[in-house]
Amino acid sequence: MQQFNALLLKEWRDSWRSFKLIWIPLVFLLLGVSDPLMNYFMEDILHAVGNMPEGFEMIMPELKPADLLIASTGQFQLIGIIVLIAAYIGTFSRERQNGTATLLYVRPISFRALFLSKWIVASIVAVISAVAGYAGSMYYTALLYGTVDGTKFLAMVGTYCVWLTFVMALTIAMSAAFQTAVAATITIVLIPFGLLIDQIIGGFWAVSPWKLPNYGLALLTESALMENYWWTFGFVVVLMTVIIVFGIVMSKQNSSKVKI
């Protein structure tokens, strides 16, 4: 336990010194506030830009508060996840590549504690970022469009945070198993492209890890089929556990690949 606490503190300090605890939440915050502000002021922006034909009028759709939160989630899924993957994909592989991992591996170390410390800190940063993004989105949505049910909003945010911990588990595990470039490619194929594929042909199945964010949004709009939600939620938790075990095994197996 003492070794785990030391490794956890090390990872936390690394995230702070690299400013990940600052710039990643800021990215999510900007993504969160962009949709309600852009949609509300779009007509004014178009008039200010000018160059519109005479008599041109744009009828803006009437958006509900839930629509803005759904749009913000789309921003997180499109850009935010890529940012998180890029920030943490080299967690293991970069340390092996530049030789800094030798400072840890020269002494007896628990690879379970090592992997969990990296995953927990990455997940904390991801959750803080999501909360910041949704807080910014909800603030301007409530200010400009109206409010949503607080309990449903918290359920949606909590579901999305579980999804992000799954994403970070996969990211850290791929970093433990492969070199940085290969790990990044596999993770991007499995997460962003997986989300795209699920959107295109996902109607053929009701349960998959990529559906969890959508089921979280469905809680907000009261359109969720709770049986599918809980099956998907449980599947994500089980799959995340398997991925963590895989990452621990691969981090130990690849410890000999450290450059000296």
Side-chain angles (χ1 to χ4, degrees), residues 22-49 52 56-85 123 125-168 191-200 202-203 208-226 228-229 232-233 236:
I22 299 176
W23 69 265
I24 298 179
L26 281 177
V27 169
F28 274 76
L29 179 61
L30 291 174
L31 293 174
V33 303
S34 62
D35 278 296
L37 289 177
M38 287 292 291
N39 281 282
Y40 188 82
F41 293 107
M42 179 59 71
E43 190 173 352
D44 295 332
I45 293 172
L46 291 175
H47 284 304
V49 171
M52 294 296 175
F56 173 82
E57 290 186 8
M58 175 175 283
I59 301 175
M60 302 300 293
E62 293 185 8
L63 297 174
K64 297 179 180 178
D67 296 328
L68 277 305
L69 293 172
I70 291 171
S72 295
T73 303
Q75 295 272 41
F76 301 157
Q77 293 288 82
L78 182 65
I79 301 173
I81 283 181
I82 297 294
V83 169
L84 286 170
I85 292 173
S123 296
V125 174
V127 168
I128 290 174
S129 301
V131 170
Y134 276 122
S137 180
M138 187 67 255
Y139 175 78
Y140 282 104
T141 297
L143 195 65
L144 302 174
Y145 291 91
T147 60
V148 297
D149 184 89
T151 302
K152 295 172 184 175
F153 173 71
L154 291 177
M156 179 201 69
V157 174
T159 301
Y160 193 74
C161 288
V162 173
W163 160 251
L164 287 183
T165 60
F166 169 78
V167 171
M168 300 320 299
I191 300 297
F193 284 145
L195 288 167
L196 178 61
I197 292 171
D198 191 78
Q199 289 178 355
I200 296 173
S208 80
W210 298 278
K211 288 187 180 298
L212 187 61
N214 291 333
Y215 284 148
L217 293 172
L219 294 175
L220 187 67
T221 58
E222 298 183 337
S223 59
L225 185 59
M226 295 309 296
N228 290 339
Y229 171 81
T232 300
F233 190 94
V236 167

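Atom set for the values below is all heavy atoms of this structure, side chains included, hydrogens, waters and symmetry mates excluded.
The backbone N or O of Lys211 sits nowhere less than 3.5 Å from a side-chain atom of Asn214 that would complete a donor-acceptor pair. Side chain of Ser137 to main chain of Gly133: no donor-acceptor pair is present (N/O by atom type, distance under 3.5 Å, no hydrogens or angles).
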Note to self: Before you tell me yes or no, could you show the steps for Leu219 and Met226 under side chain to side chain contact (heavy atoms under 4.5 Å, CB included), namely the whole-Å CA-CA distance, both residues' side-chain angles and the distance that decides it to 0.1 Å?
What the structure shows: CA-CA 9 Å; Leu219 294 175; Met226 295 309 296; 3.7 Å; yes
Next item on the list: Go through Phe166 and Val162 one step at a time and tell me if the side chain to side chain contact (heavy atoms under 4.5 Å, CB included) criterion holds.
Entry: CA-CA 6 Å; Phe166 169 78; Val162 173; 5.9 Å; no
Note to self: The test is side chain to side chain contact (heavy atoms under 4.5 Å, CB included); show your working for Met138 and Thr141 and say whether it passes.
What the structure shows: CA-CA 5 Å; Met138 187 67 255; Thr141 297; 4.2 Å; yes
Note to self: Under the criterion side chain to side chain contact (heavy atoms under 4.5 Å, CB included), I'd like the reasoning laid out for Val83 against Trp23: C-alpha separation, chi angles, the key distance, then a yes or no.
What the structure shows: CA-CA 10 Å; Val83 169; Trp23 69 265; 3.4 Å; yes
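The line from CZ of Phe153 to OG1 of Thr147 is 11.0 Å long, rounded to the nearest 0.5 Å. Once rounded to the nearest 0.5 Å, the distance linking CZ of Phe233 with OH of Tyr215 reads 14.5 Å. Distance check, rounded to the nearest 0.5 Å: CD1 of Ile24 to OG of Ser129 gives 5.5 Å. With rounding to the nearest 0.5 Å, the separation of CG in Leu195 from CD1 in Ile200 is 11.0 Å. The structure places CG of Leu217 at 11.0 Å from CG of Asp67, a figure rounded to the nearest 0.5 Å. Rounding to the nearest 0.5 angstrom, the gap separating the CD1 atom in Ile191 from the CD1 atom in Ile82 is 9.5 Å.
Listed by chain and number, the residues in a side-chain hydrogen bond (donor to acceptor under 3.5 Å, both in side chains) with Tyr145 amount to none (sequence neighbours excluded). Looking at residues two or more places apart in sequence or on another chain, you find a ring pair (Phe, Tyr, Trp, His ring centres under 6.0 Å) between Phe28 and Phe76.
A side-chain donor-acceptor contact under 3.5 Å links Gln77 and Trp163.
Ser208 and Asp198 make their closest contact through OG-OD1, 3.2 Å (heavy atoms, listed as atom of the first residue, atom of the second, distance). In plain terms, the two heavy atoms of Leu164 and Ala126 that are nearest each other are CD1-O, 3.5 Å. Among all heavy-atom pairs drawn from Gly32 and Pro36, the shortest one is O-CD, 3.3 Å. Minimum interatomic distance between Val148 and Pro65 (heavy atoms only, all atoms of both residues): CG1-CB, 3.6 Å. Here the shortest heavy-atom pairing between Ala155 and Thr159 reads O-OG1, 2.8 Å. Closest approach of Met168 and Ser123 over heavy atoms only: CB-OG, 3.9 Å.
Contact annotation: the side chain of Asp35 never approaches that of Leu69 to less than 4.5 Å [non-hydrogen atoms, C-beta and beyond]. By the 4.5 Å heavy-atom criterion applied to side chains, Pro192 and Leu196 are not counted as neighbours. You'll find the side chain of Leu144 stays beyond 4.5 Å of the side chain of Leu68, heavy atoms only.
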